[in-house]
Amino acid sequence: MRTLFIGIITAMLTATNVSGQVNPMVLSDHQAMVRVDEGKAYLLLPVQEKEEYANVRMIVGNENVRSFNVRLAVDKVDYYVPLKVSGGELLDITFHGDRRTTGAVREFACWREMKRSDSFDTANRERFRPLYHHTPAYGWMNDPNGMFYKDGVWHLYYQFNPFGSQWENMTWGHSTSKDLLHWEAQPTAIEADALGTIFSGSCVVDKKNTAGFGEGAVIAFYTSAGQSQTQSMAYSTDNGRTFTKYAKNPVLVSDVPDFRDPKAFWNPEIQKWNLILAAGQEMRIYSSPNLKDWTYESSFGTGYGNHDGVWECPDLIKLQVRGTDRQKWMLICNINPGGPFGGSATQYFVGDFDGKTFTCSQTDTRWMDYGKDHYATVTFDNAPDGRKVAIAWMSNWQYANQVPTQQYRSANSVPRDLDLFEYKGQTYCGVTPSRELTALRGKATNKLSPTCELVIDMKGNADITLSNSKGEQLTMQYDETAGTFSMDRTQSGEKSFSEAFPAVTVAPTHGAIKQLRVFIDHCSVEAFDAEGKMAMTNLVFPSMPYDQIKVKGGKFTVYPVL
Ligand code: FRU
C-alpha cells in the first residue's frame with residue numbers, strides 16, 4: 001500500500017518546506033521542554049529505535065492534551081514520525097534509561113534533528129514492503145480491528161503506533177478498499193483517552209438503529225487499556241471515517257487482568273446482539289438488545305484446545321458446511337504463545353451456539369493456518385452475499401518488533417473466505433483465498449516475480465524450490481502418503497534478527513491436494529490448497545527476490561498480481 005494519507009499528509013518532504021531546529025529548555029539530566037513555534041503543520045520527531053522511550057506530554061493552555069512515548073534520537077536518526085501541531089504547544093519530555101541519566105541531554109541528536117514541516121513523506125523506502133497486502137504507510141501495525149463492509153467499501157482498522165515502528169501508543173489506524181487488495185490510508189480513527197490506549201476490537205453496522213445513534217451507524221467496541229482493561233464503545237455517523245466516544249464508557253468491566261478484544265455481531269436467531277471477548281484462558285459471551293447494556297451469558301474454554309498462552313482476539317461465526325444444507329458455528333481463538341511452531345497462532349472450535357452458550361463438538365486442537373505468521377484473525381462485519389471474509393496479522397509476537405523493516409512494521413494476510421468442510425467424519429475450517437485475488441491475476445507466465453501467484457497442478461508428491469542467485473531458498477514439500485504439506489524457511493534469507501525465525505512448518509492436508517496456490521509478495525509466502533483445505537502463511541526476507549523456481553512432481557504457472 002503506497003498511498004498517502006488523504007488530507008493530512010500530502011506532499012514530499014523537500015528542503016523548502018522543512019525548517020527549524022528546536023532549542024530545548026533543559027530542566028534536569030532527564031527532562032527538557034520545547035515550545036513549538038507557529039507556522040508549520042508538523043513537528044517531525046527523529047526516532048532511534050535502539051534507544052529507550054522518552055515520554056512526551058503536549059501541554060496547551062496549561063492543560064495536558066496528549067501524552068505518548070517515542071524513542072527520540074540520541075546519536076543517530078533511523079527515521080522520522082510526524083506530530084501534528086498548530087503552534088504554541090509546550091512539549092514536556094522525560095527521558096528514561098541509563099544514558100539519559102548519565103549523558104548530556106542537551107547534546108542529544110533529537111534537538112538538532114527535530115524539524116518543522118508542512119508535509120510528511122510517506123513514499124515507500126522499504127524493499128520488503130508488500131504490494132497487494134495491506135501495510136500502514138508508516139509506523140507499527142499489529143491486529144486487524146473493527147473490520148466491516150458498507151456501501152461498496154471494505155474498512156480495515158488496525159492496532160497502530162503513529163510514533164514509531166515498534167509496539168507502543170496503541171490507536172486505531174484506518175484504511176479502506178474497494179477490492180480488498182488496493183488499500184487507501186485514512187486518518188487515524190480512534191485515539192487514546194483518559195481510560196487508556198486503544199486495544200483491539202470490532203465494528204458493527206447498526207442497520208435497525210438499535211443503539212439510537214442513527215440507522216446504519218457504525219458502532220465500534222474496543223478495549224480501553226488503562227490501569228485495567230475495560231471495554232468501551234464509540235459510534236460513527238459518517239461510515240467509519242470519524243468516531244465519537246460513548247459518554248458512559250466503559251460498557252463492560254471485570255477483575256480479570258487479561259480482559260479484551262470484544263467482537264460484536266448481530267444474531268438473527270435471537271434478534272439480539274452478541275459479543276464475545278477474551279478473559280484470561282476463556283472466551284466470555286454476552287448479549288444485548290441495544291449494544292449499550294450487556295448481559296453475561298456464558299464462558300467457553302476450560303478443557304478445550306490449546307492453553308499454552310493467553311487467549312486473545314475471538315470471533316464467533318456461523319458457516320456453511322460445504323456440499324450440505326447444514327450450518328455450524330465456529331469460534332475463533334487466537335493464542336500467544338502456544339502456536340504449533342512457537343509463538344502466535346489461530347485455533348478454532350467447531351460447534352453450536354444458541355445465543356447464550358457455545359457447545360464444542362471437537363476434542364482435538366485445530367489450527368486455521370499452519371504457518372508461523374498468521375495471528376489475530378477476525379472476520380468482517382456485514383460482508384456481502386453472506387461471505388465470511390477473514391484477515392490475519394501476518395507476523396508473530398516472537399519477532400514482530402525485530403523484522404528487518406523500519407519505515408513501517410508488519411503487513412496483513414491476503415483476505416480469505418471461510419467455510420466448513422467434512423473429512424473422515426470431522427468438520428474442519430475451510431480457508432480459501434478470496435475471489436478478489438483471482439480477479440487481479442495478470443497474464444500467465446513461467447517467470448517468478450516479487451508479487452505473484454504461483455499455481456501448481458500436482459499429481460502425488462511434489463517438491464518446490466524458490467531461490468535466488470545468493471543461494472537463498474524457500475522449499476515446499478507435499479507428501480501425499482503422509483498427508484502433509486511443509487515449508488522450510490531455514491535458508492530463506494535474512495534471519496539473524498531472531499532465533500525463533502528460521503523454521504519448518506508442517507500442515508495436515510485433509511485429503512489430496514490437486515492444486516496448490518502460493519501467493520508471493522516481497523516478504524510473504526502464503527500457500528493454500530486450491531480447495532481450501534490447507535493454509536500456511538510464512539514471512540521470508542530474501543536479500544534479493546527469488547527469481548528461480550524448480551518444481552518436481554507438478555506443472556506450474558505464474559500469474560503476476562496487480
Ligand atoms: C493481540 C493483542 C490483543 C490486544 C492487542 C494490543 O496481538 O495482544 O490481545 O488487544 O494485541 O495491541
Side-chain angles (χ1 to χ4, degrees), residues 68-69 136 139-147 156-174 188-192 195-203 220-234 250 252 254 256-264 275-284 301 306-315 331-339 342-347 368-369 372-379 390-403 408-413 537 539:
F68 58 91
N69 295 324
W140 163 270
M141 175 176 81
N142 56 296
D143 316 357
N145 293 154
M147 298 193 294
L156 163 59
Y157 303 83
Y158 54 90
Q159 288 286 280
F160 178 47
N161 178 9
F163 297 114
S165 301
Q166 291 168 314
W167 187 91
E168 187 62 44
N169 306 311
M170 283 299 114
T171 61
W172 276 24
H174 182 202
T188 299
I190 307 183
E191 302 211 36
L195 292 176
T197 53
I198 313 297
F199 274 18
S200 290
S202 57
C203 282
F221 291 91
Y222 57 87
T223 301
S224 292
Q227 216 176 322
S228 298
Q229 299 184 348
T230 60
Q231 314 314 316
S232 292
M233 174 175 169
L252 273 173
S254 157
V256 176
D258 288 307
F259 181 65
R260 58 177 181 262
D261 309 340
K263 176 79 161 101
L275 182 147
I276 182 165
L277 54 70
Q281 289 284 308
E282 59 185 27
M283 297 304 185
R284 290 198 183 164
N306 186 300
H307 285 271
D308 295 345
V310 185
W311 281 25
E312 300 182 319
C313 302
D315 202 344
L331 192 155
I332 298 176
C333 167
N334 291 279
I335 179 167
N336 176 64
S344 325
T346 307
Q347 60 180 330
M368 189 182 287
D369 183 291
K372 267 198 86 141
D373 300 295
H374 177 276
Y375 194 57
T377 317
V378 282
T379 61
I391 287 186
W393 173 48
M394 204 157 48
S395 196
N396 188 315
W397 282 115
Q398 285 182 322
Y399 42 72
N401 278 286
Q402 285 85 41
V403 295
Y408 80 98
R409 261 202 196 86
S410 295
N412 290 113
S413 71
T537 301
L539 292 174

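Along the sequence shown, residues are numbered consecutively beginning with 1. Counting starts at 1 for both ligands and their atoms, following the listed order.
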Within ligand 1, which atoms have a heavy atom of [X] less than 4.0 Å away?
X	result
Asp261	3 (C), 4 (C), 9 (O), 10 (O)
Asn142	5 (C), 6 (C), 7 (O), 11 (O), 12 (O)
Met170	12 (O)

### Query
Where's the contact between Asn334 and ligand 1, heavy-atom distance under 4.0 Å: side chain, backbone, both or neither?
neither

### Task
Under 4.0 Å, heavy atoms only, figure out whether ligand 1 is touched by the backbone of Ala376, its side chain, both or neither.
neither

Are the side chain of [X] and the backbone N or O of [Y] linked by a donor-acceptor pair below 3.5 Å?
X	Y	result
Ser413	Ile391	no
Ser202	Pro262	yes
Asp315	Thr379	yes

#### Entry: N or O contact, Tyr375 vs ligand 1, cut-off under 3.5 Å
no

### Message
Does any N or O of ligand 1 fall below 3.5 Å from an N or O anywhere on Trp393, backbone included?
### Response
no

### Query
Does Tyr399 have any ring pair (Phe, Tyr, Trp, His ring centres under 6.0 Å) partners at least two apart in sequence or in another chain, and if so, which?
Phe501

Just need the protein heavy atom nearest to [atom], so name the residue and atom and give the distance.
atom	value
atom 12 (O) of ligand 1	Gln159 OE1, 2.6 Å
atom 7 (O) of ligand 1	Asp143 OD1, 2.7 Å
atom 8 (O) of ligand 1	Glu312 OE2, 2.9 Å

### Counterpart residues, salt bridge (charged side-chain N to carboxylate O under 4.0 Å, His left out), relative to Glu282 (two or more places apart)
Arg284

### Task
Specify the closest pair of heavy atoms between Phe160 and Gly139, including all atoms of both residues, with the distance to one decimal.
CE1-CA, 4.2 Å

### Message
Between the side chains of Lys263 and Asp261, is the shortest nitrogen-to-carboxylate-oxygen separation below 4.0 Å, so that they form an ion pair?
### Response
no

